[in-house]
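Here is how names work: the chains are called A, B, and so on, in the same order as the sequence lines, proteins then strands, and each is numbered from 1. Excluded from the calculations below are hydrogen atoms, water molecules and symmetry mates; all remaining heavy atoms, backbone and side chain alike, are included.
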Number of protein chains: 4
Amino acid sequence: MSVTLPQSSLFAAKAKNMGKSARSRARLIDAALAVFARERLESATINEITREADMANGTFYLHFKDKEELTSVVALSLAAEITREMDEAMADIDDAVERVSLGTRQFIDIASSRLNWGAAFLQAFWVCAELRAEVTLYLRRDLERGVALGAFNVTVDDFLVEMVGALVNTALFARINGTAGPEAGSKAAEMQLRLLGVDAERAHAVAWRSIA
Amino acid sequence: MSVTLPQSSLFAAKAKNMGKSARSRARLIDAALAVFARERLESATINEITREADMANGTFYLHFKDKEELTSVVALSLAAEITREMDEAMADIDDAVERVSLGTRQFIDIASSRLNWGAAFLQAFWVCAELRAEVTLYLRRDLERGVALGAFNVTVDDFLVEMVGALVNTALFARINGTAGPEAGSKAAEMQLRLLGVDAERAHAVAWRSIA
Amino acid sequence: MSVTLPQSSLFAAKAKNMGKSARSRARLIDAALAVFARERLESATINEITREADMANGTFYLHFKDKEELTSVVALSLAAEITREMDEAMADIDDAVERVSLGTRQFIDIASSRLNWGAAFLQAFWVCAELRAEVTLYLRRDLERGVALGAFNVTVDDFLVEMVGALVNTALFARINGTAGPEAGSKAAEMQLRLLGVDAERAHAVAWRSIA
Amino acid sequence: MSVTLPQSSLFAAKAKNMGKSARSRARLIDAALAVFARERLESATINEITREADMANGTFYLHFKDKEELTSVVALSLAAEITREMDEAMADIDDAVERVSLGTRQFIDIASSRLNWGAAFLQAFWVCAELRAEVTLYLRRDLERGVALGAFNVTVDDFLVEMVGALVNTALFARINGTAGPEAGSKAAEMQLRLLGVDAERAHAVAWRSIA
DNA sequence: CATGAATGAGGCTTCATTCAT
DNA sequence: TATGAATGAAGCCTCATTCAT
């Protein structure tokens with residue numbers, strides 16, 4: 001007797017070979033992603049999440065202490081997964097300008113192409129400090145590298161990282177809402193590079209170079 | 001018997017000479033600003049707002065249909081007020097580059113220096129579509145002007161406006177949190193101008209020029 | 001339009017001339033008394049209490065922070081009321097032997113004759129430390145007096161007071177359950193006096209003397 | 001692989017040579033004793049008990065129909081065990097006065113010296129009618145005997161037995177709480193004897209006689 | 001027999017909103 | 001207009017009990 005899984009069930013898929021508890025937990029994470037994607041975090045209820053996961057509400061508490069714990073688990077799982085995919089795609093890119101550009105483009109493409117990811121990410125971003133910290137760190141490394149190499153003409157501090165990060169999030173937001181199309185990543189990357197002091201031509205060239 | 005008004009009571013002050021109903025309404029708006037500034041919008045309660053306004057909770061519904069209406073009234077009142085102050089400060093600035101720069105700086109300075117405004121604005125921004133629309137429009141005019149005059153080397157579309165707007169909001173956020181100091185406005189403006197294609201030197205010069 | 005009050009509504013009756021809030025609060029206390037009297041404290045629910053009081057459940061929280069607060073308010077209100085009635089009845093009794101005897105008899109008679117009081121008292125006794133402290137104090141005073149006057153041949157310490165108190169509570173319990181009839185008070189008093197070292201004859205005489 | 005049993009595991013020890021089921025059941029009873037001793041009966045959960053017994057929660061229902069059954073089994077097992085030990089210690093005491101005194105002292109000493117027993121007993125006493133009945137019966141026999149022999153100057157009825165029993169329970173309670181020391185048994189016995197009409201001197205002598 | 005995940009009823013509490021005064 | 005008590009739907013969480021393995 002095989003039951004069709006809901007459309008997006010990455011974590012459930014990954015847990016397919018694990019114990020029953022891990023599978024249920026994964027289903028809850030997937031369900032939470034779906035709910036977080038269509039609802040303000042604050043108004044997402046445990047009931048809605050368990051309904052989405054086809055479970056009884058009490059089951060939730062077998063797997064998570066409360067909504068806050070779920071939120072951060074979802075956020076960090078998502079971040080880990082996105083990061084993993086990005087690292088894979090950027091493993092052999094060394095040039096800082098390319099890395100910043102490609103990082104932004106990949107992030108937006110990945111987050112917006114997987115059902116629920118982007119929207120859930122943006123929700124979680126403002127609520128989960130750990131997530132912010134992680135993302136910030138990731139970004140900062142490449143920015144600092146670029147400055148060290150003389151590619152960027154800025155001072156790297158918290159403020160700069162937040163500003164550059166805001167461009168990424170905003171582009172993702174626009175992409176998800178349909179304000180922007182598939183070119184959102186390139187557009188965002190180009191703006192970032194300009195902001196960082198890369199000259200307009202190079203910024204354009206790098207940001208729009210087709211991805212292998 | 002005269003009671004001292006709470007520190008920030010702009011709208012109450014403006015309504016001093018109006019009818020009693022308008023005055024109560026204004027007090028509620030001020031109170032909501034204060035509450036929204038220190039609390040997530042969703043967790044702000046009518047009770048807390050009316051308590052802050054020194055009113056009975058039931059009174060709230062004499063002035064607003066529901067919580068949502070309050071939110072948007074607060075947001076739009078705030079926007080109108082900020083806009084008014086900005087317009088005043090920028091009345092005789094014509095140059096597009098200057099306008100964008102000064103607009104950003106003024107906005108951040110005003111919103112962060114008036115008690116409660118900045119935080120409440122940022123909360124409302126994500127909840128009230130009308131507010132977003134209004135802000136966007138304001139910004140867009142100057143961007144288009146700059147492009148028309150050849151000062152900016154970009155295409156103005158919704159996406160661009162959102163990205164530039166994001167820089168403003170993010171800088172305001174940093175300013176309020178203490179991540180950034182009083183120079184936040186200049187820093188943000190400089191980044192914007194670079195992003196828009198203004199050359200680095202001019203961007204710096206304009207963004208950091210001392211305000212009259 | 002007059003509504004019949006539920007059978008036992010002492011506190012509601014006392015609050016008849018007070019504000020609406022006080023009246024509702026009093027109704028809740030009466031309702032709690034009724035519920036506590038027929039149910040283990042732990043299994044009494046707020047819902048049941050508000051239903052008994054003909055209120056919506058949410059109303060409860062306008063008047064009490066939580067069940068614990070209600071419990072102690074009920075306990076102490078009850079204690080205050082019983083104490084008041086006892087003091088009235090014993091105002092001009094000086095003799096320690098008489099006081100202990102009469103106190104016990106009065107307590108049992110009062111608590112068992114008012115609907116719900118006895119059962120609620122016994123429940124609250126084990127849960128509310130303040131109540132225990134108050135009752136203990138009341139009893140201790142007369143015991144110490146009796147010892148000082150040479151009427152009792154015991155040492156007054158916490159242990160003694162608890163033991164004597166246990167006799168009172170147990171007699172009340174038996175009275176309420178129907179294990180004992182109206183003579184419970186006299187029987188209990190006689191046992192107490194014997195325990196305290198009063199000779200059997202006097203104990204009997206005092207404990208069974210008819211109350212004015 | 002031998003696992004050390006928790007400190008107090010009387011019933012598990014007794015079941016050591018019985019079938020597996022009996023052993024598990026015994027472990028649950030011991031665990032329940034431990035939990036009941038440190039927690040209000042109502043707030044003791046099946047999960048906590050099985051955890052204490054190092055079992056899966058579902059296992060509980062192989063051995064007991066429900067929580068209520070467990071409670072009464074625990075209560076009656078405990079009573080049986082205490083009774084057994086008391087009978088042993090009092091096998092050759094004939095004199096009624098001695099029996100009542102010694103019974104009380106033994107009961108308090110046994111229940112308070114075995115880990116968990118006293119507290120669990122007191123909890124169960126008020127919840128389990130069978131337990132009350134059994135204890136009452138035990139006590140009553142000696143009381144009746146004493147009256148028949150002319151040693152006690154009272155009428156034995158339910159009320160009397162409850163009152164005398166209350167002294168025992170209260171003394172045990174005080175002993176467990178630390179309000180009373182090891183002399184609690186003697187003190188309680190002395191009070192009982194006085195209450196029953198034994199003259200003060202004899203009561204004292206008997207109640208404080210050192211136990212063989 | 002044992003396991004432990006799952007269930008779902010039910011308790012507690014909050015809060016937007018209504019209503020009698 | 002203003003008041004503030006009252007309402008009740010809805011969310012959170014616990015826990016006795018069941019069930020598939």
Side-chain angles (χ1 to χ4, degrees), chain A residues 19-25 27-28 42-50 53-68, chain B residues 19-25 27 42-51 53-70, chain C residues 19-25 27-28 42-50 53-68 70, chain D residues 19-25 42-51 53-70:
Chain A
K20 190 175 183 194
S21 187
R23 269 161 19 231
S24 292
R25 190 181 150 99
R27 266 167 66 207
L28 280 167
E42 280 91 351
S43 54
T45 70
I46 305 289
N47 268 310
E48 195 177 358
I49 292 167
T50 50
D54 262 314
M55 287 179 188
N57 73 67
T59 306
F60 177 86
Y61 296 92
L62 252 43
H63 300 287
F64 301 96
K65 192 167 71 61
D66 54 20
K67 201 168 115 181
E68 196 187 322
Chain B
K20 189 177 183 193
S21 182
R23 273 171 4 240
S24 292
R25 191 181 150 98
R27 266 164 67 206
E42 279 90 352
S43 57
T45 69
I46 303 288
N47 271 316
E48 194 177 357
I49 292 167
T50 50
R51 200 183 325 127
D54 266 313
M55 285 180 189
N57 67 48
T59 307
F60 177 86
Y61 291 89
L62 294 179
H63 300 288
F64 300 97
K65 189 168 72 61
D66 54 21
K67 199 174 146 182
E68 198 189 323
E69 184 180 297
L70 170 70
Chain C
K20 191 178 184 194
S21 186
R23 264 156 29 225
S24 293
R25 190 181 151 98
R27 265 166 67 206
L28 280 168
E42 281 90 350
S43 54
T45 70
I46 305 288
N47 268 308
E48 195 177 357
I49 292 167
T50 50
D54 263 312
M55 287 180 187
N57 71 67
T59 306
F60 177 86
Y61 295 92
L62 252 44
H63 300 286
F64 301 96
K65 191 169 72 59
D66 53 21
K67 201 168 117 181
E68 195 187 323
L70 170 70
Chain D
K20 191 177 180 192
S21 182
R23 271 165 14 235
S24 292
R25 191 180 150 98
E42 279 89 354
S43 57
T45 70
I46 303 289
N47 271 316
E48 195 177 358
I49 292 167
T50 50
R51 200 184 324 127
D54 265 313
M55 286 181 190
N57 67 49
T59 306
F60 177 87
Y61 291 89
L62 296 178
H63 300 287
F64 299 97
K65 189 167 71 63
D66 55 20
K67 198 174 147 181
E68 197 190 323
E69 185 182 297
L70 170 71

Open item on the list: Under 3.5 Å for both donor-acceptor distances, Watson-Crick or wobble: does dA9(E) have a partner, and if so which one?
Closed with: dT14(F)
Task: Whether over 12 other heavy atoms sit under 6.0 Å from Glu68(A) CD - done: no
TODO: Could you check which of dC1(E), dT7(F), dT1(F) has an atom nearest any side-chain atom of Ser21(D)?
DONE: dC1(E)
- [ ] Map Ser24(B) and Tyr61(A) onto DNA chain F by nearest heavy atom, then report which one ends up closer to the 5' terminus.
- [x] Ser24(B)
Open item on the list: Base of dA16(E), side chain of Asn57(B) - is there a donor-acceptor contact under 3.5 Å?
Closed with: no
Open item on the list: Please name the nucleotide paired to dT21(E) by Watson-Crick or G-U wobble geometry with both distances under 3.5 Å, or report none.
Closed with: dA2(F)
Open item on the list: Need one value for Thr59(C): base, sugar-phosphate or nothing, where a base atom within 4.0 Å counts as base even if backbone is also close, heavy atoms only.
Closed with: base
Task: Ile46(C) side-chain proximity, nearest of dG4(F), dT7(F), dC12(E) - done: dC12(E)
Open item on the list: Counting only side-chain heavy atoms from C-beta out, which of dT18(F), dT3(F), dT17(E) sits nearest to Leu62(B)?
Closed with: dT3(F)
Open item on the list: Nearest to the His63(D) side chain among dT7(E), dT17(F), dA2(E), which nucleotide is it?
Closed with: dA2(E)
- [ ] Give a yes/no answer on whether the side chain of Lys20(C) brings an N or O atom under 4.0 Å of OP1 or OP2 in dA5(F).
- [x] no
- [ ] Report the residue (Gly19(B) or Thr45(A)) whose heavy-atom-nearest nucleotide on DNA chain F is the more 5′ of the two.
- [x] Gly19(B)
